[in-house]
Asks: 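Pasting a structure below so you can have a look.
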Amino acid sequence: MEWPCLDEYEKLVIRMNTPRVVVDNAVCATTTLVKVDSARKHGILLEAVQILTDLNLSIKKAYISSDGRWFMDVFHVTDLNGNKLTDESVISYIEQSLGCIHHVRSNSFNGLTALELTGTDRLGLLSEVFAVLADLECNVVESKMWTHNGRIASLIYVKDCDSGNPIEDSQKIDRIEGRLRNVLKGDNDIRSAKTSVSLAVTHTERRLHQMMFADRDYERQPIIRSASESPAVTVQNWVERGYSVVNVQCKDRTKLLFDVVCTLTDMQYVVFHATVNSAGDKAYLEFYIRHTDGSPISSEAERQRVIQCLQAAIERRASEGVRLELCTEDRRGLLADVTRTFRENGLNVTRAEISTTSEIALNVFYVTDAMGNPADPKIIEAVRQKIGLSNLKVKELPLINHQEAERDEPTVGVGGAVLLSLGSLVRRNLYNLGLIRSHS
């Protein structure tokens, strides 16, 4: 590659700041290796993980390390079925996307108006929101909604029903905000209900994390105790090296690493070294972090806050409930009608993903009964009869295929982590990444 009119120093700077990406199917029998070498900057790990998770890839293992100004990652990935990556178009996309992570990427939701909503969750709230938008002639193109600890956060991308353009009229925007705010307030959420409208937004799921973090959902107690096991998170300081060491042990699932790294990044922490490993249905993650000013966690209050925020980040996406998938021709008022049917049958939506492709609505809802318990199968069937058996289908919760963990692969316990062992683990990570040589 030649750069005309550049001196040798300028060429060196370009080479140093252009990430080197290798996708390798030969090294491991069960996973595809994705290696990234790049100049280090704050947030670059999140950008790399975001690219992989947006492709719905499962990260089975990862070794992450930064040495001075250089940053090196190795990810072991599979598709959702547990298979290695063989599609050349996917591999090429990974190489191209990771190769330009230093550059700002355009927003994929250009031409749409973004609505941000936070408030107290309640039965039928989503139905009321979509009814208001249908009445105001807003066409919902994309949307994601999460609930956690009795709170709700939603990003809804809309356009004008008649013109198909983004909504820019200030009076109409004021009407949308006002009516949605009234819906969110209900009878008991006058202070904390929030709505906002913009023509640009960051990565949708990162923004949802930011909205729930700003809403301080991590400080609230769950209204209904989940049957699933809570994530175990510990934070200790490695004084000799000036790191805070974060250990996470929880049920494995897709996008887990993204949720954790997203939260650490938005809390202004930098990940210097990390290991990720999955065994069976369990995931073990360990991070060596410092604040952006170079200091480790300095108080018990800060340590507890990190623990609470990471637990919340993991729990937000792990919604309870039956997964319902709606695939049908899109039309005005579709979402209002479907969610009204849920409400009338006592089904509460705990998480939702709305998308529209070529005039076809592809929507996913996780539902429970009004008390957060598993929904009655008879009620689910009645709802399907009402909406259309061929349109609304019951799907199992996504399963992550796990390969048996290699016997010699270390798993990091959470409760009894000993700081004396951390140095050897970091050295092993650096050896795996080729940053140091073995002395044996």
Asks: Using 4.0 Å as the upper bound for N to carboxylate O, is an ion pair formed by D252 and K60?
Replies: no
Asks: Please report the closest heavy-atom contact between S66 and V271, naming both atoms and the distance.
Replies: OG-O, 4.3 Å
Asks: Go through the steps to decide whether R253 and D281 satisfy the test salt bridge (Lys or Arg N to Asp or Glu O under 4.0 Å), and finish with yes or no.
Replies: CA-CA 8 Å; R253 60 167 174 79; D281 65 346; over 6 Å; no
Asks: Can you tell me how far apart CG (L117) and CD (E177) are? Round to the nearest 0.5 Å.
Replies: 10.0 Å
Asks: Among all residues two or more places apart in sequence or in another chain, which pass the side chain to side chain donor-acceptor pair (under 3.5 Å) test with N348?
Replies: none
Asks: For side chain to side chain contact (heavy atoms under 4.5 Å, CB included), just list the numbers for D121 and R151, CA-CA rounded to whole Å, side-chain angles, deciding distance to a tenth of an Å, and then say yes or no.
Replies: CA-CA 5 Å; D121 187 28; R151 306 298 294 172; over 6 Å; no
Asks: I need the S154 OG to L126 CG distance, nearest 0.5 Å.
Replies: 6.5 Å
Asks: Can you spot which of N277, T32, T30, T31 makes a side-chain hydrogen bond (donor to acceptor under 3.5 Å, both in side chains) with H76?
Replies: T31
Asks: Side chain of K172, backbone of L136: donor and acceptor closer than 3.5 Å?
Replies: yes
Asks: Could you go step by step and tell me if N83 and T78 meet the side chain to side chain contact (heavy atoms under 4.5 Å, CB included) rule?
Replies: CA-CA 5 Å; N83 300 317; T78 68; 5.8 Å; no
Asks: What residues, two or more places apart in sequence or in another chain, satisfy side chain to side chain donor-acceptor pair (under 3.5 Å) together with D79?
Replies: none
Asks: Checking the side chain of N237 only, and the main-chain atoms of V239 only, is there a donor and an acceptor separated by less than 3.5 Å?
Replies: no
Asks: So, E353 and R351, do they make that salt bridge, N to O below 4.0 Å?
Replies: yes
Asks: Relative to each other, are the rings of W238 and Y243 parallel, tilted or perpendicular (30° and 60° limits)?
Replies: tilted
Asks: Just do the side chain to side chain contact (heavy atoms under 4.5 Å, CB included) check on L33 and N25 with the steps written out, would you?
Replies: CA-CA 6 Å; L33 264 66; N25 266 319; over 6 Å; no
Asks: For a quick test of reading the model, state the closest non-hydrogen atom pair linking R220 to N149 and the distance between them.
Replies: O-ND2, 2.7 Å
Asks: Salt bridge between D259 and R316, side-chain N to carboxylate O under 4.0 Å?
Replies: no
Asks: Apply side chain to side chain contact (heavy atoms under 4.5 Å, CB included) to residues V158 and V141 and explain how you reach the verdict.
Replies: CA-CA 6 Å; V158 300; V141 180; over 6 Å; no
Asks: For the side chain of Q311 and the backbone of P231, is there at least one donor-acceptor N/O pair under 3.5 Å apart?
Replies: yes
Asks: Where the side chain of S244 meets the backbone of I297, is there a donor-acceptor pair that is under 3.5 Å apart?
Replies: yes
Asks: Ignoring hydrogens and geometry, is there a side-chain-to-backbone donor-acceptor pair from S143 to L155 under 3.5 Å?
Replies: yes
Asks: For the backbone of Q50 and the side chain of T53, can you confirm whether one donor and one acceptor N or O come within less than 3.5 Å of each other?
Replies: yes
Asks: Go through E116 and R207 one step at a time and tell me if the salt bridge (Lys or Arg N to Asp or Glu O under 4.0 Å) criterion holds.
Replies: CA-CA 9 Å; E116 297 184 358; R207 184 61 189 145; 2.9 Å; yes
Asks: Just by distance, do the side chain of S92 and the backbone of E88 share a donor-acceptor pair under 3.5 Å?
Replies: no
Asks: Under 6.0 Å from the ring centre and within 45 degrees of the ring axis: does the NZ or CZ of R290 meet both conditions for the six-membered ring of Y269?
Replies: no
Asks: Apply salt bridge (Lys or Arg N to Asp or Glu O under 4.0 Å) to the pair K41 and E47, showing each step before the final yes or no.
Replies: CA-CA 11 Å; K41 70 168 185 175; E47 293 177 35; 3.6 Å; yes
Asks: Quick one: CD1 on I64 to CG on D73, what's the gap to the nearest 0.5 Å?
Replies: 5.0 Å
Asks: Which value, rounded to the nearest 0.5 Å, describes the distance between D266 atom CG and F213 atom CZ?
Replies: 8.0 Å
Asks: Would you say T350's side chain and Y366's backbone share a donor-acceptor pair under 3.5 angstrom?
Replies: yes
Asks: Hey, are D24 and K84 close enough for a salt bridge, meaning a charged N less than 4.0 Å from a carboxylate O?
Replies: no
Asks: Verify whether the ring centers belonging to F258 and H203 lie closer than 6.0 Å.
Replies: yes
Asks: Can a donor-acceptor pair be found, under 3.5 Å and without considering hydrogens, that links the side chain of T357 to the backbone of I360?
Replies: no
Asks: Rounded to the nearest 0.5 Å, how far does OG of S65 lie from CZ of F71?
Replies: 9.0 Å
Asks: Just how far is it from atom CD1 of I152 to atom CG of D217, taken to the nearest 0.5 Å?
Replies: 12.5 Å
Asks: Is there a donor in the side chain of Q304 and an acceptor in the side chain of E300, or the other way round, less than 3.5 Å apart?
Replies: yes
Asks: Under 3.5 Å, is there a donor-acceptor pair between the side chain of T368 and the main chain of P374?
Replies: no
